[in-house]
Amino acid sequence: MDAIVITGGKRLEGETHASGAKNAALPILASCLLAEGEHTYRNVPDLADVSTMLKVLRTMGCDAEWSAARHEVKIGVPKNVMPEAPYELVKTMRASVLVLGPLAARHGRARVSMPGGCAIGARPIDQHLKGLKSLGAHIELAEGYVEARAERLEGARIGFDLITVTGTENVMMAAVLARGRTLIENAAREPEVEELARVLNKMGARVSGAGTDLITIEGVDTLKSVDHAIIPDRIESGTLLVAAAITGGDILVKEAVPEHLEALIMKLREAGCTVSTERGGLRCKGPERVGSVDIKTLEHPGFPTDMQAQVMALMSVSSGTSVITENIFENRFMHVAELRRMGADITVDGSVAVVRGQPKLSGAPVMATDLRASASLVLAGLKAEGKTTVSRVYHLDRGYERLEQKLEALGADIKRVKG
Ligand code: EPZ
């Protein structure tokens, strides 16, 4: 297993760029199942999760041609596909469940392995299934699989009991081919949901209100293939901005979209960073030492849970005490024990962590437990005195495209050690 070795204490500066957004690419790739033909997706990030989604589509009979050099994938979707997503693949990436809506809508049948638990929480899909049932799908759970059947889905009014990103995306993809109108209330407002709606409308769908908590969909009979370039990754962008803040550096992240990161930008400024929009990107200049800020994770446009671990690493070297409350996932403090190994002073009580900033961290061997936790350990390693070795970086590769190379180009002493 690969590891990443960092010798900390370097001030990072220069320009880098944001890759395509993982959490937009995954639902968009699944949406190709809604229309026969050849689809072209550009600015697709070169990530383990993307290759898993392509494997899922290939097992269904799609032809997927990936070019890492061009960050482009061409997918040929046949008239009939094998509407099944196997356990072997879904267990490695729960977002595979995003094929459920498109399969039920266009093929009238879907057999998708139930995603199991995950390091950060139980993460059930009851709201996805509730939405599909409201659209008239007959849902059965058997042998660890969800079976969905429907002649043709019927438009409906769906109110989510809680805000779910992939739940909104799955139901939106099902409703575009349903007969009549669908209303999705208490919908997720994440930029990735808006981006998926943009792609569906380019395919001939009639989705309005994406980005608000009420989405309206007028069903259509057929959709056509699409050619689309995916938005930049706001979480990768945010992670790079925090790299500037934690090293007292100065980094311009080209293509980062300010509107997608308002909550984070506000907190970085509150912590004493200078964040500005420049040359089609975002620039962050970190102070000598950041001040402490309190964070509550919320659904968009609130503070993103996917930035909680990274900002906790930053707060572990702040000049004060910060309170971090995780409201979205019940088990998203796995990075705390590893940060403590580096000298951080953090107390956890349920969903609340109290972080007493320390003047310095010390390098140590640490272990990644999930995607964003691994990013927080890399950031802490950039600041720590001495050498940090982050193991199990396969977690990092699921959502960051060669992060160590981007950081090295900004002046970090960092390298990947092949395992
Ligand atoms: C998406 O996951 C993202 N993944 C996650 O990013 C992100 O953390 C999350 O949204 C929240 O922003 C992708 O887009 C592929 P949810 P998702 O459904 O859709 C509960 C990363 O690091 N819930 O919005 O799975 C659920 O357990 C990943 O890139 C139900 O109870 O998250 C959680 O507590 C990690 N029943 C809360 O809702 C449901 O049917 C929000 O989950 C659905 C969700």
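Just follow the structure's listing: the first ligand is 1, and inside any ligand the first atom is 1. What you see below is based on every heavy atom in this structure, not just the backbone, and it leaves out hydrogens, waters and symmetry mates.
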Hey, are [X] and [Y] close enough for a salt bridge, meaning a charged N less than 4.0 Å from a carboxylate O?
X    : Y    : value
D306 : R332 : yes
E185 : R157 : yes
K22  : E236 : no

Walk me through whether L314 and L268 qualify under side-chain contact (heavy atoms from CB on, under 4.5 Å). CA-CA 10 Å; L314 180 64; L268 288 174; 3.9 Å; yes

State, without any angle test, whether E326 and T305 hold a side-chain donor-acceptor pair at a distance under 3.5 Å.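 The answer is yes; a qualifying pair exists.
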
Using a 3.5 Å cut-off on N/O to N/O, what pairs does ligand 1 make with the protein? A line per pair would be great.
from, atom 1, to, atom 2, distance (Å)
ligand 1, 2 (O), R123, NH2, 3.2
ligand 1, 6 (O), N23, ND2, 3.3
ligand 1, 6 (O), D306, OD2, 3.0
ligand 1, 8 (O), D306, OD1, 2.6
ligand 1, 8 (O), D306, OD2, 3.4
ligand 1, 18 (O), T164, OG1, 2.6
ligand 1, 19 (O), T166, N, 2.8
ligand 1, 19 (O), T166, OG1, 2.6
ligand 1, 22 (O), R332, NH2, 3.3
ligand 1, 22 (O), R372, NE, 2.8
ligand 1, 24 (O), V165, N, 2.8
ligand 1, 25 (O), R123, NH2, 2.9
ligand 1, 29 (O), K22, NZ, 3.0
ligand 1, 29 (O), N23, ND2, 3.1
ligand 1, 29 (O), R372, NH2, 2.8
ligand 1, 34 (O), I328, O, 2.6
ligand 1, 36 (N), P124, O, 3.3
ligand 1, 36 (N), D126, OD1, 2.7
ligand 1, 40 (O), P124, O, 3.3
ligand 1, 40 (O), D126, N, 3.1
ligand 1, 40 (O), D126, OD1, 3.2
ligand 1, 40 (O), Q127, N, 2.8

Examine distances only and state if a side-chain atom of E338 and a backbone atom of L377 form a donor-acceptor pair shorter than 3.5 Å.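 Not at all, since once roles are kept as given, no pair shorter than 3.5 Å links the two residues.
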
